[in-house]
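Throughout, residue positions are numbered sequentially from 1 according to the sequence presented. Computed from a predicted structure; not experimentally measured. Indexing begins at 1, ligand by ligand and atom by atom, following the structure's order. Atoms considered below: every heavy atom in the structure, side chains included; atoms not considered: hydrogens, waters and symmetry mates.
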Amino acid sequence: MAFFPDVPKIAFEGPKTKNRLAYRHYNASEIVEGKTMQDWLRFSVCYWHTFRGTGSDPFGSATLQRPWDDGSNSVENAIKRVHAAFEFIEKLGAPFYCFHDRDVAPEGATISESNKNLDAVVKALAEEQQRTGVKLLWGTANLFSNPRYMHGAATTCNADVYAFAAAQVKKAIEVTHQLGGVNYVFWGGREGYMNLYNTNMKREIDNLGRFINMAADYAKSIGFTGQFLFEPKPKEPTKHQYDFDAAACLNFLRSYGLMDKVKLNIETNHATLAGHTMMHELEYARIQGVLGSIDANTGDLMLGWDTDQFPTDIYLTSQVMLVILAQGGLQPGGTNFDAKVRRESFEPVDLFHAHIGGMDAFARGLKIAAAIRADGVLAKFVKDRYSSFDSGIGAKIEAGSVGFADLEKYILEKGEAAPNQSGRQEMLENLINDYL
Ligand code: XUL
Ligand code: CO
């Protein structure tokens, strides 16, 4: 049965095509800097927005037409949805997908029933992975929708809820492992607080540290070798999320002995909500060796919440790809479209337009970033800018061979510092425009 009967397999037709259901730039097998576009980009479709999104908002109900979905919470409906999802992913030609446990299978009245439902749907997912060759980029557990998690999961004040969350994550890691998932994600959900008057922050963060260590121990015990990823987000749903940004997550990972066990999954709209650019967050993670994967989307600078729009801005994708190329890729991570179509884009074909646009924007970003790197203009400018640290007193500072007294002696003898050179920001911004 075809769920998208009017949509053929999406092909690369080049920038001149008039066909809106074709790639203009994403050519999976094209080589850029020694690797295929597919390998650099490792695109992933997210199950929650793309197959569970309804278009409802606080002011109105569902708008999205999903003819394969009967709206029920049955396992049968969930399995039918799996078939629609894999037809979509296969036609798009994305190599990966991602899910939360509760996106793919309905929660039951007890955890045993939920696990049973999940097993039934995982069987269908495994069959579809086998049939199509689509792979699981990451799995995760939804520890925020059920009312039991109102105070958080690993940072809850209710020890039974903590145990419930542990049982849920244990199962989610097991199914991720079973499906050959190459990463497992922890996004904070409700791990944060609304008001310090009722909150023991130290206890909450310590318990979160214990939770992630237990998860890592369990994953190891069952032979799961995928990468664990933390996903920073500064606010929403709680006012203060503990995983505020890459820097806060790094502090957490270092404090709880998790640096060699967990990397980061950086999301554009989360970066901007934290008052950072995506490029800043990516570079911060990269230089510390923890850039694991990305959630590709974009926010709206006029709106202060997580709008999760599909990325179409070539400046943004070029900046993202500059950092990813500098790291030599994201593997085993990838580029997951944690993005949703607007509620006004209610037809199934809009899912194709949205993903094609995002994939083409990233493919262009990849080509633009590679061209900038090939010319070496930015790299040369930055290298020259810091050249005073390559020799003389600068080299001694970086070698750690001088202290404050030596530096004072040096500058007393010299009298004044060498003159500064221009940062040339405007010239560099103009130069980047030449590549777009
Ligand atoms: C929420 C968000 C999540 C995570 C997975 O803002 O980004 O969907 O990516 O839990
Ligand atoms: Co995300």
Side-chain angles (χ1 to χ4, degrees), residues 42-54 57 96-105 107 136-146 149 152-155 165 168-169 171-173 175-176 181-192 208 211-212 215 226-246 248-249 262-274 276 278 281-282 285 291-300 303-311 316 320 330 333-341 354-355 358:
R42 296 170 63 80
F43 287 127
S44 160
V45 171
C46 91
Y47 212 93
W48 53 102
H49 288 313
T50 296
F51 293 100
R52 302 312 310 275
T54 63
D57 72 9
F96 294 102
Y97 74 112
C98 297
F99 67 80
H100 299 84
D101 49 1
R102 303 302 181 239
D103 306 332
V104 290
E107 182 155 12
L136 179 61
L137 185 66
W138 48 263
T140 188
N142 178 328
L143 304 178
F144 41 90
S145 295
N146 190 290
Y149 295 123
T155 61
Q168 202 181 317
V169 169
K171 180 70 180 172
I173 294 173
V175 302
T176 299
V182 284
N183 301 271
Y184 183 90
V185 163
F186 293 92
W187 163 59
R190 295 181 191 277
E191 313 300 24
L208 181 61
F211 194 92
I212 307 299
Q227 174 68 58
F228 269 13
L229 297 165
F230 248 50
E231 185 176 320
K233 184 174 184 181
K235 53 189 161 191
E236 199 201 72
T238 74
K239 180 173 172 180
H240 304 269
Q241 296 279 126
Y242 293 131
D243 307 333
F244 190 95
D245 60 1
C249 286
V262 184
K263 290 193 170 163
L264 302 184
N265 181 38
I266 307 284
E267 177 165 329
T268 321
N269 206 164
H270 297 180
T272 49
L273 283 175
H276 300 305
M278 178 63 164
E281 285 291 84
L282 292 171
L291 173 54
S293 200
I294 66 169
D295 268 7
N297 62 17
T298 190
D300 184 321
L303 304 174
W305 65 89
D306 200 13
T307 60
D308 284 343
Q309 288 164 239
F310 277 84
L316 169 68
V320 169
L330 287 172
T335 306
N336 172 47
F337 287 110
D338 191 351
K340 58 187 175 202
V341 291
H355 284 82

**Item:** Taking atom 9 (O) of ligand 1 as the reference point, the nearest protein heavy atom with its distance
**Value:**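 Heavy-atom neighbour on the protein nearest atom 9 (O) of ligand 1: E231 OE1, 2.7 Å.
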
**Request:** Measure the shortest side-chain to side-chain distance between E231 and D338 over non-hydrogen atoms and say whether it is less than 4.5 angstrom.
**Result:**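 The answer is yes; the side chains approach within 4.5 Å.
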
**Prompt:** With a 4.5 Å heavy-atom cut-off, do N265 and W187 have their side chains touching?
**Reply:**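 Sidechains of W187 and N265: no contact.
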
**Request:** Specify which N/O/S atom of D295 comes nearest to the Co ion (ligand 2), by atom name.
**Result:**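 For D295, the N, O or S atom at the smallest distance from the Co ion (ligand 2) is OD2.
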
**Item:** Which atom of D338 approaches the Co ion (ligand 2) most closely (N/O/S)
**Value:**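 The atom in question is OD2.
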
**Asked** Does any N/O atom on W48 come nearer than 3.5 Å to any N/O atom on ligand 1?
**Response**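 It does: an N or O of W48 is found under 3.5 Å from an N or O of ligand 1.
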
**Asked** Could an N or O of ligand 1 be found under 3.5 Å from any N or O of H100, whether backbone or side chain?
**Response**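 Yes, there is a polar N/O contact under 3.5 Å.
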
**Request:** Evaluate the criterion side-chain contact (heavy atoms from CB on, under 4.5 Å) for residue pair V182 and R42; output intermediate values, then yes/no.
**Result:** CA-CA 12 Å; V182 284; R42 296 170 63 80; 4.2 Å; yes

**Asked** Heavy-atom contact under 4.0 Å between D306 and ligand 1?
**Response**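 So D306 counts as touching ligand 1.
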
**Asked** So, does H270 sit close enough to ligand 1 that a heavy atom of it is under 4.0 Å from the ligand?
**Response**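 Contact check H270 vs ligand 1: positive.
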
**Request:** Could you tell me if the ring centre of Y184 sits under 6.0 Å from that of F186?
**Result:**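 Yes, they do, as the ring centres are separated by less than 6.0 Å.
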
**Prompt:** Is there a donor in the side chain of Q309 and an acceptor in the side chain of T298, or the other way round, less than 3.5 Å apart?
**Reply:**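 The criterion, which ignores hydrogens and geometry beyond distance, is not satisfied for T298 and Q309.
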
**Message:** Under a 4.0 angstrom heavy-atom cut-off, which atoms of ligand 1 come close to D295?
**Reply:**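 The list of qualifying atoms is 9 (O).
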
**Item:** Y47 and Y97 aromatic ring geometry - parallel, tilted or perpendicular at 30°/60° bounds
**Value:**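 Tilted: the ring planes of Y97 and Y47 meet at 30° to 60°.
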
**Request:** Start with the C-alpha gap between K233 and E267, add the side-chain angles, then the distance that decides, and say whether side-chain contact (heavy atoms from CB on, under 4.5 Å) holds.
**Result:** CA-CA 8 Å; K233 184 174 184 181; E267 177 165 329; over 6 Å; no

**Message:** Please classify the N142 to ligand 1 contact at 4.0 Å (heavy-atom distances, strictly less than): side chain, backbone, both or neither.
**Reply:**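 Within the 4.0 Å criterion, N142 makes no contact with ligand 1.
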
**Message:** Before moving on, can you tell me the angle at the Co ion (ligand 2) between the OE1 atom of E267 and the OE2 atom of E231, to the nearest 10 degrees?
**Reply:**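 It is 90°, given to the nearest 10°.
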
